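First the structure, in the form of structure tokens, and then the observations on it.
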Amino acid sequence: MSEIRFYNRYSGQEEVEEVYGEGFLRWTYETNMGKIGLWLLAKRAIFSHWYGWRMNKPVSARRIRPFIETYGLDEGEFLEGVETYSSFNDFFYRKLKDSARPPVQGEREIALPADARHLGISNLGEVEGLFAKGQFFDLKALLGSVSLADNYPRGTAVISRLCPVDYHRYHSPVAGKIMEQRLINGPLYSVSPIALRQSMGYLWENKRVLTVIDTPDLGRVCFIAIGATCVGSIFMTAKEGDTVQKGGELGYFAFGGSCVITLFERDRVKLADDLAANGAKQLEVYAKVGDLLGTAV
């Protein structure tokens with residue numbers, strides 16, 4: 001059983017991830033019986049809707065305090081007190097104080113979009129595979145558009161994987177205007193590395209929302225919010241036609257772990273040193289929303 005390791009930007013060390021629901025995930029994606037169950041139920045929206053219904057019930061609020069204590073969450077960052085949350089889901093997509101996640105301020109600096117483990121890809125045309133050798137981005141499938149995908153074949157990408165213990169609102173990495181936003185429907189596979197090692201295609205098969213942001217200096221930046229098992233609900237708070245600021249909220253996920261992907265056109269962005277170096281080794285970097293993703297070139 002291989003460990004899931006990542007580099008922690010704040011400790012400066014590699015760490016082993018404590019996977020929420022690891023036993024269930026490994027049974028589902030790594031055993032024959034589990035794969036049958038996956039096909040019959042886990043990837044289907046009805047399962048996630050049922051789980052979301054449970055997390056919306058008032059009785060689920062009793063899970064909040066044990067969750068905070070088990071995973072060491074900092075209540076001082078919460079915008080509201082724990083007693084105000086009416087359900088676990090209400091707590092799960094909680095807002096934080098502005099001071100908890102200030103975006104990088106440099107004029108040419110780009111902000112990370114989420115609290116997550118981020119896989120940096122400096123040039124999509126040069127990678128030998130992602131999560132497993134021989135697995136590559138299918139940009140046309142991911143974006144649901146041949147013409148849009150043609151802008152990014154050798155572009156820069158950051159895959160930001162949110163775990164259930166993370167802050168689950170996501171924010172704009174850049175300032176600009178939302179030129180396009182659309183839902184692309186699909187199933188709800190897990191996007192844990194346990195699942196992605198089996199098939200990276202889950203990223204472009206799953207239900208997702210594409211947001212295209214037109215910027216003054218970076219061209220068109222694509223931001224994709226991807227649903228997953230137990231995350232059937234993707235809520236976009238910024239809409240087509242809106243102007244967004246760097247660090248401004250784009251939306252949030254309901255219960256579960258999920259993923260967002262940020263795509264930049266070729267030769268527009270230099271990734272932060274730790275994202276570039278660890279990405280070349282297929283190692284994710286843990287860092288928080290608003291921290292440095294890279295700089296415009």
Side-chain angles (χ1 to χ4, degrees), residues 1-22 25-26 29 70-74 77 96 100-104 106 109-124 126-137 155-171 173 190-198 200 202-203 223-224 226 228 247 253 256-264 269-297:
M1 183 184 297
S2 58
E3 295 177 328
I4 297 172
R5 303 186 68 86
F6 63 92
Y7 175 82
N8 188 321
R9 174 175 286 183
Y10 308 109
S11 70
Q13 297 179 338
E14 284 190 28
E15 299 178 8
V16 176
E17 183 175 329
E18 181 181 352
V19 180
Y20 187 91
E22 181 173 5
L25 283 170
R26 290 194 181 277
Y29 288 90
T70 298
Y71 295 102
L73 303 186
D74 182 359
E77 295 181 338
L96 300 183
R101 300 289 189 276
V104 288
E109 291 180 325
I110 302 161
L112 286 168
D115 282 18
R117 291 127 196 88
H118 310 273
L119 183 64
I121 307 159
S122 295
N123 187 327
L124 284 167
E126 295 180 351
V127 292
E128 294 185 356
L130 296 168
F131 295 100
K133 197 165 185 179
Q135 293 197 128
F136 303 98
F137 256 103
T156 299
V158 176
I159 305 173
S160 304
R161 183 174 58 85
L162 292 73
C163 294
V165 299
D166 292 322
Y167 166 64
H168 263 67
R169 291 179 180 260
Y170 40 86
H171 296 248
S190 171
V191 292
S192 161
I194 293 170
L196 294 177
R197 287 170 183 170
Q198 304 299 316
M200 194 180 160
Y202 297 151
L203 293 176
F223 181 89
I224 305 101
I226 302 173
F253 294 116
S258 198
C259 178
V260 299
I261 298 175
T262 312
L263 290 176
F264 302 92
V269 172
K270 180 182 182 295
L271 291 178
D273 290 344
D274 58 355
L275 282 171
N278 286 291
K281 300 184 291 185
Q282 292 289 298
L283 192 64
E284 296 169 308
V285 174
Y286 173 72
K288 297 176 182 179
V289 62
D291 209 338
L292 184 67
L293 179 151
T295 54
V297 297

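All of these numbers come straight from a predicted model, not from anything done at the bench. No hydrogens, no waters, no symmetry mates; every other heavy atom, side chains included, goes into these values.
No side-chain heavy atom of T262 sits under 4.5 Å from any side-chain heavy atom of I110. Contact of the L275 side chain with the R9 side chain is registered, since non-hydrogen atoms from C-beta on lie closer than 4.5 Å. N8 is listed as a side-chain neighbour of F6, based on a closest heavy-atom distance under 4.5 Å. For the pair L271 and L293, the minimum side-chain heavy-atom distance is below 4.5 Å. Between L96 and K288 there is no side-chain heavy-atom pair separated by less than 4.5 Å. At a threshold of 4.5 Å between non-hydrogen side-chain atoms, the residues V289 and R169 do not count as touching.
Not one N or O on the side chain of H171 forms a donor-acceptor pair closer than 3.5 Å with the backbone of G290. Side-chain atoms of T156 never come within 3.5 Å of backbone atoms of N123 as a donor-acceptor pair (strictly under, hydrogens ignored).
Taking both residues in full, the closest heavy atoms of D166 and R161 are given as OD2-O, 4.2 Å, listed atom of the first, atom of the second, then distance. Among all heavy-atom pairs drawn from A111 and P173, the shortest one is O-CB, 2.9 Å. Heavy atoms only, all atoms of each residue included: P113 and V260 are closest at CG-CG2, 4.0 Å. Scanning both residues, E15 and S11, for their nearest heavy atoms gives OE2-OG, 2.9 Å.
Rounding to the nearest 0.5 Å places OH of Y7 at 14.5 Å from CD of E284. Rounding to the nearest 0.5 Å gives a distance of 6.5 Å between CG of L203 and CZ of F137. Rounding to the nearest 0.5 Å gives a distance of 8.0 Å between CG of D274 and CG of L292. Here CZ of R101 is found 11.5 Å from CG of L112. Values are rounded to the nearest 0.5 Å. Interatomic distance, CG of L162 versus NE2 of H118, reported as 8.0 Å (0.5 Å rounding). Residue N278 holds its CG atom at 11.5 Å from CZ of R5, rounded to the nearest 0.5 Å.
Open room surrounds CG on D273; 12 or fewer heavy atoms of other groups in view lie less than 6.0 Å from it.
Ring orientation note: the planes of F223 and Y170 are tilted relative to one another, at an angle of 30° to 60°. Ring geometry for H168 versus F253: interplanar angle over 60°, hence perpendicular rather than tilted (30 to 60°).
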Verdict with reasoning, L263 to I224, per side-chain contact (heavy atoms from CB on, under 4.5 Å): CA-CA 8 Å; L263 290 176; I224 305 101; 4.2 Å; yes
